[in-house]
K.L.:
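One structure coming up, written as structure tokens, with questions to follow.
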Amino acid sequence: MDAATITTWMTEIESSVRAEKDHLVQLDAAIGDGDHGTNMARGFEAVVQALAADTGSPPGRLLVVAGRTLVSTVGGASGPLWGSALRAGGRVLGDHATFDGDQLADVLAAALASVKDLGTASLGDKTMVDALEPAVEALRARLAAGDPVDAAIEAAGTAAEAGMRATIPLQARKGRASYLGERSIGHQDPGATSTALIVRALQRAVANRG
Amino acid sequence: MDAATITTWMTEIESSVRAEKDHLVQLDAAIGDGDHGTNMARGFEAVVQALAADTGSPPGRLLVVAGRTLVSTVGGASGPLWGSALRAGGRVLGDHATFDGDQLADVLAAALASVKDLGTASLGDKTMVDALEPAVEALRARLAAGDPVDAAIEAAGTAAEAGMRATIPLQARKGRASYLGERSIGHQDPGATSTALIVRALQRAVANRG
Amino acid sequence: MAVETNLMRKFLNEPALVVKQSLAGLAAAHPDLLRYDAAAQIVVRKDAPKKGKVALISGGGSGHEPLHGGFVGTGMLDAACPGEVFTSPVPAQMLAATKAVDGGAGVVHIVKNYTGDVLNFKLAAEDAADEGVKVTSVVIDDDVAVQDSLYTAGRRGVGATVLAEKIAGAAAESGAGLAQVTDTVKRVNERARSFGVALSSCVPPASGKPIFDLPEGEIELGIGIHGEPGRKRATLQSASDVVDVMVDAVISDLKPRSGSNLLVFVNGMGGTPLIELYLLYGEVDAKLRKAGLKPVRNLVGSYITSLEMAGASLTVLELDDELTRLWDAPVHTPALRWGV
Amino acid sequence: MAVETNLMRKFLNEPALVVKQSLAGLAAAHPDLLRYDAAAQIVVRKDAPKKGKVALISGGGSGHEPLHGGFVGTGMLDAACPGEVFTSPVPAQMLAATKAVDGGAGVVHIVKNYTGDVLNFKLAAEDAADEGVKVTSVVIDDDVAVQDSLYTAGRRGVGATVLAEKIAGAAAESGAGLAQVTDTVKRVNERARSFGVALSSCVPPASGKPIFDLPEGEIELGIGIHGEPGRKRATLQSASDVVDVMVDAVISDLKPRSGSNLLVFVNGMGGTPLIELYLLYGEVDAKLRKAGLKPVRNLVGSYITSLEMAGASLTVLELDDELTRLWDAPVHTPALRWGV
Ligand SMILES: Nc1ncnc2c1ncn2[C@@H]1O[C@H](COP(=O)(O)OP(=O)(O)O)[C@@H](O)[C@H]1O
Ligand SMILES: Nc1ncnc2c1ncn2[C@@H]1O[C@H](COP(=O)(O)OP(=O)(O)O)[C@@H](O)[C@H]1O
Ligand SMILES: [Mg+2]
Ligand SMILES: [Mg+2]
Ligand SMILES: [Mg+2]
Ligand SMILES: [Mg+2]
């Protein structure tokens with residue numbers, strides 16, 4: 001996998017976030033302030049533009065640029081969180097022109113670590129962590145078990161969606177939803193939902209690699 | 001007719017204005033500010049209380065007290081207009097203990113004159129004048145024709161109601177309704193409507209005289 | 001009562017007591033500026049009467065807050081007479097206020113042009129004269145949405161009332177005589193024009209029902225401040241289209257000298273927030289400058305309202321040096337304060 | 001766009017431009033106080049940077065006007081960073097504002113406690129430090145409706161933000177150093193508590209739909225300022241019942257010394273008019289006095305809003321002599337002005 005994989009990943013995220021924009025807004029309106037869909041769409045639209053301008057950078061560098069772009073265009077909680085996540089993930093790849101499955105797992109693990117570090121959320125707090133952490137673990141486990149990267153990332157997507165659905169019964173402890181206390185129970189977390197979209201987008205990008 | 005006739009008249013006005021309160025409010029909401037029913041109800045409730053406290057005054061004096069009470073409790077356009085009207089009407093009777101049909105006509109004529117003087121409205125301006133003026137003329141004409149007072153005041157009520165309905169096609173030239181310009185056309189004037197109630201109340205008071 | 005309040009999105013106890021309870025709160029919040037005489041239902045400047053100072057009073061129906069009670073204080077009104085919601089006060093209130101503030105130099109009645117206000121103030125002025133108080137009255141009629149004519153009630157008094165109270169209040173504070181203060185009110189009224197639009201109706205507490213029903217996406221053009229419908233209804237346009245209508249209506253009637261200095265007052269009707277009022281001000285300011293006029297002073301906020309109505313009005317006053325100086329003079333009231 | 005605006009009772013052009021156009025209007029109305037840097041989307045005090053003066057900046061999502069842009073001026077904020085409606089600004093805005101106002105004495109970031117605001121300000125503070133600017137940050141979290149805990153996002157920052165900006169702004173204006181100004185913000189936050197209620201939702205311009213749907217006759221208790229639903233929903237009670245809930249929530253958490261002096265801030269959410277806010281103030285003032293407390297200062301009006309939401313919040317700050325003196329100190333901003 002190489003720079004094209006990253007560019008495709010970002011384009012895939014942009015189109016699926018745009019397609020799911022209203023759904024994400026509805027989810028956020030129920031337990032937040034109704035802007036998650038707009039925030040993510042605005043951010044990844046800017047990322048796609050930024051990467052279009054960038055020609056010939058290595059994949060790690062592209063992820064850093066994508067992260068910076070999110071930080072500088074999204075605002076809200078998701079901007080700095082996903083922004084730092086992609087920056088951290090990009091640094092893992094350094095200047096390598098290509099990367100393999102294990103390195104991809106390292107990228108996602110670094111992204112997860114930076115989200116948890118910045119946001120201080122743990123599994124079960126009803127945040128994006130609840131989708132991202134199971135995805136990282138599934139990816140690692142399947143690769144360790146010798147599965148090909150496509151199968152492993154497919155499992156990661158399934159794990160992310162399971163984690164996303166698992167947020168429904170939870171009471172939020174982080175983010176705006178936590179202000180609702182028990183009223184946050186019974187609603188799916190918007191950030192976990194967009195995270196599942198992001199992992200599924202990665203799966204398509206990996207599948208389409210040259 | 002005597003003081004009791006006046007007291008009964010005011011009590012009759014109070015009950016019919018209270019009964020028609022919402023209707024008067026609706027009419028005023030369409031072309032005014034929706035308080036005519038509340039204003040008239042508040043005013044005549046106070047009048048009835050004031051007259052209950054007053055024992056033994058002659059009829060003219062009672063009308064003056066009623067007028068003062070309206071001025072001091074209603075506010076809005078209808079307060080000073082009906083207040084001055086009753087005061088002017090009361091002065092006509094001086095300290096006489098009783099009055100006949102012609103004197104009653106003089107009372108209503110004086111009331112009309114003071115409304116027109118204070119409000120500078122003429123027939124056709126879509127105001128209470130459009131109900132009061134025909135009532136006064138009908139009363140005078142029937143008495144001149146030798147009709148008994150009951151029949152004459154009955155005719156006055158009919159004339160008042162005709163005048164009231166005749167305000168519907170008019171464009172208002174006075175009062176709040178005038179701000180609507182052509183949009184005031186097609187609505188019945190609230191003040192003309194309450195004026196018809198007041199004349200009908202007088203008819204009942206006259207009929208119930210001892 | 002529970003039933004009535006349930007029809008509304010209002011903080012309310014007994015609807016019949018809303019005016020009295022709100023005035024009590026105003027007095028509790030501003031004891032340094034004013035007192036509330038509950039018996040007479042008037043709001044009086046704390047240090048009234050001021051010996052030798054011309055006094056200004058105004059009044060009208062409630063529901064237009066901060067007008068008028070919020071403008072009682074140094075450099076503006078000496079007293080306010082609040083009627084029930086949208087119903088003019090009664091002469092007894094104006095008489096009590098007139099006597100409470102008369103410092104011997106006379107009292108100016110600032111009257112918004114509504115039949116009820118005019119008639120009740122007229123009766124009060126007669127009573128005051130009988131009691132030997134020098135009273136002058138000026139009727140404010142700045143609303144260009146109403147076609148004026150000798151045979152009608154004439155134009156409504158709206159936004160110019162706030163400007164007249166501030167500017168004439170400064171003149172009185174600076175020691176001007178009765179004739180001069182009266183003349184100052186008249187000059188503000190002559191040089192000011194207003195036009196208002198509504199995006200919603202409002203709900204009088206007594207009835208608990210909207211006065212008119214305005215579907216979303218429609219707009220009432222040429223409204224007053226009593227929730228009355230406007231001159232015409234249109235479909236909601238963009239803010240800049242609405243500004244075009246307001247500015248054209250006001251300027252074509254005011255006909256200011258080209259290049260003249262203006263005081264621009266963008267007023268909210270009670271339910272429209274500041275983010276929108278400033279957006280409107282930006283459009284108005286730009287449009288006036290394009291027309292070669294100079295907005296040198298402005299007031300942006302909800303100062304003469306119609307309960308919780310969503311909407312706004314534009315008032316433009318053509319300034320001269322004296323009016324500008326009087327506008328800039330210190331004022332200290334609950335709703336307007338500067339220079340002190 | 002026509003479609004979107006038709007869903008709303010708002011003065012609006014392109015919904016995506018509402019924040020920029022409103023800020024342009026603010027700057028056009030108050031050129032003597034501030035300027036709007038459209039490129040950086042920040043509002044900066046006209047005479048910034050003030051050499052040797054500690055600077056204060058704040059920011060957050062828009063839709064809370066006059067917060068924060070309306071508080072930029074003498075004796076309050078040096079700059080404001082407005083994000084999109086209900087979305088926190090990005091670090092680039094805070095960095096630009098920090099550099100624009102730094103007079104060498106350091107810059108205090110006043111941050112309302114929302115994850116988005118906190119994280120974006122955190123990244124900005126790191127960048128500013130990299131560029132050699134002394135920055136301190138204080139997070140405001142005064143909303144007692146949110147149960148606090150080590151394991152949650154903690155309480156929201158609401159009404160105390162306005163009081164902290166005014167009081168710390170006065171300290172900075174009077175020459176206090178970075179540590180002292182920072183400490184002043186912290187003290188206000190420690191001694192202030194708030195609680196809010198909504199009678200309606202509000203409509204973000206971007207979506208054109210109410211965030212939650214609140215039937216007439218129901219009320220949301222414990223809301224924030226982003227149109228988010230509250231802790232619980234109840235049927236609308238009388239104003240004095242609502243005041244009981246607000247005062248009890250605030251006082252039981254603040255636990256002021258008996259007989260202590262209070263600053264009482266009754267805030268409108270944007271769509272609730274002054275007649276109701278003063279009615280509420282009257283009830284609050286009386287209830288606090290009954291409880292043996294002394295409301296010696298107050299602020300009544302819509303200063304930290306949630307678009308056009310109908311509702312109100314109560315903020316109580318326990319005063320000491322220094323906080324009182326700083327509150328009374330001159331301030332000159334578009335939304336708060338006295339002593340000058
Ligand atoms: N402390 C946190 N750690 C991890 N994720 C968080 C945290 N706070 C919020 N989130 C995620 O951010 C999402 C909300 O993002 P968004 O709506 O764009 O920002 P905002 O809440 O500022 O409006 C939530 O659904 C949640 O998944
Ligand atoms: N100048 C006038 N002359 C006579 N009647 C008038 C005049 N102005 C208004 N009215 C009457 O008063 C009525 C409205 O009374 P009301 O609603 O109680 O007062 P307001 O208009 O001040 O709210 C109108 O329907 C009209 O009949
Ligand atoms: Mg959100
Ligand atoms: Mg009326
Ligand atoms: Mg009325
Ligand atoms: Mg947000």
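Throughout, a chain's letter reflects where its sequence line sits, starting with A, and its residues are numbered from 1. What you are looking at is a predicted structure, and each value in this text was computed from that prediction instead of being measured.
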K.L.:
For Leu26(C), is it the side chain, the backbone, both or neither that has a heavy atom under 4.5 Å from a heavy atom of chain D?
P.N.:
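Contact with chain D is through both the backbone and side chain of Leu26(C).
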
K.L.:
So for Ala335(C), is it side chain, backbone, both, or neither that comes closer than 4.5 Å to the heavy atoms of chain D?
P.N.:
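The answer is neither part of Ala335(C).
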
K.L.:
Answer with side chain, backbone, both or neither: which region of Val340(C) has an atom nearer than 4.5 Å to a non-hydrogen atom of chain D?
P.N.:
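For Val340(C), backbone heavy atoms alone lie under 4.5 Å from chain D.
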
K.L.:
Regarding Tyr278(D) and His30(C), do their side chains bring together a donor and an acceptor under 3.5 Å, going by distance alone?
P.N.:
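A pair is found: one side chain offers a donor N or O, the other an acceptor, under 3.5 Å apart.
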
K.L.:
Please walk me through it: do Val197(D) and Phe11(C) pass side chain to side chain contact (heavy atoms under 4.5 Å, CB included)?
P.N.:
CA-CA 10 Å; Val197(D) 305; Phe11(C) 296 105; 3.5 Å; yes

K.L.:
By a 4.5 Å heavy-atom criterion (distance strictly below it), what part of Pro215(C) contacts chain D: side chain, backbone, both, or neither?
P.N.:
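Just its backbone gets close to chain D.
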
K.L.:
Quick one: which of Ala29(D), Gly339(D), Gly270(D) has the most heavy-atom pairs under 4.5 Å with chain C, could you say?
P.N.:
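Greatest number of close heavy-atom pairs with chain C: Ala29(D).
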
K.L.:
Among Gly271(D), Gly69(D), Pro295(D), Ser302(D), which residue forms the greatest number of heavy-atom pairs with chain C at distances under 4.5 Å?
P.N.:
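Max contact count across the listed options: Gly271(D).
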
K.L.:
Any idea which of Val19(D), Leu23(D), Leu214(D) has the most non-hydrogen atom pairs under 4.5 angstrom with chain C?
P.N.:
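Most heavy-atom pairs under 4.5 Å with chain C: Leu214(D).
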
K.L.:
What is the minimum heavy-atom distance between Arg9(D) and Ala310(C), and which atoms define it?
P.N.:
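For Arg9(D) and Ala310(C), the tightest heavy-atom pair comes out as O-CB, 4.4 Å.
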
K.L.:
Using every non-hydrogen atom in the two residues, find where Glu308(D) and Pro273(C) come nearest and quote the distance to one decimal.
P.N.:
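Looks like CB-CD, 3.9 Å.
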
K.L.:
Indicate the atoms forming the closest heavy-atom contact of Glu276(D) with Lys10(C), along with that distance.
P.N.:
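Distance-wise, the nearest heavy atoms are OE1-CA, 3.2 Å.
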
K.L.:
Asp285(C), Leu280(C), Val264(C), Leu307(C): which one forms the most heavy-atom pairs within less than 4.5 Å of chain D?
P.N.:
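Ranked by heavy-atom pairs under 4.5 Å with chain D, first place is Leu280(C).
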
K.L.:
Which atoms of Ser200(C) come close to chain D, meaning under 4.5 Å heavy atom to heavy atom: side chain ones, backbone ones, both, or neither?
P.N.:
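Contact with chain D involves both backbone and side-chain atoms of Ser200(C).
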
K.L.:
Just so I understand: if I count every heavy-atom pair under 4.5 Å between each of Ser62(C), Gly301(C), Pro334(C), Ala312(C) and chain D, which residue has the most?
P.N.:
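Top count of heavy-atom pairs under 4.5 Å with chain D: Ala312(C).
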
K.L.:
Could you tell me the separation between the NZ atom of Lys20(D) and the CG atom of Leu279(C), rounded to the nearest 0.5 Å?
P.N.:
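If I round to the nearest 0.5 Å, the distance is 13.0 Å.
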
K.L.:
Out of Glu65(D), Met309(D), Met269(D), His64(D), return the one with the most heavy atom pairs under 4.5 angstrom to chain C.
P.N.:
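Sorted descending by pairs with chain C, the first entry is Glu65(D).
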
K.L.:
Is it true that a side-chain atom of Asn13(C) and a backbone atom of Ser238(D) form a donor plus acceptor pair closer than 3.5 Å?
P.N.:
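Not at all, since once roles are kept as given, no pair shorter than 3.5 Å links the two residues.
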
K.L.:
For chain D, which of Gly25(C), Gly282(C), Gly311(C) has the most heavy-atom pairs under 4.5 Å?
P.N.:
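Maximum pair count with chain D is reached by Gly25(C).
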
K.L.:
Testing the basics here: between Leu274(D) and Ser22(C), what is the closest heavy-atom pair and its distance to 0.1 Å?
P.N.:
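Where Leu274(D) meets Ser22(C) most closely, the heavy atoms are O-OG, 4.4 Å.
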
K.L.:
Kindly give the heavy-atom pair with the smallest separation between Ile275(C) and Gly63(D), and that separation in Å.
P.N.:
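Here Ile275(C) and Gly63(D) meet closest at CD1-N, 4.2 Å.
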
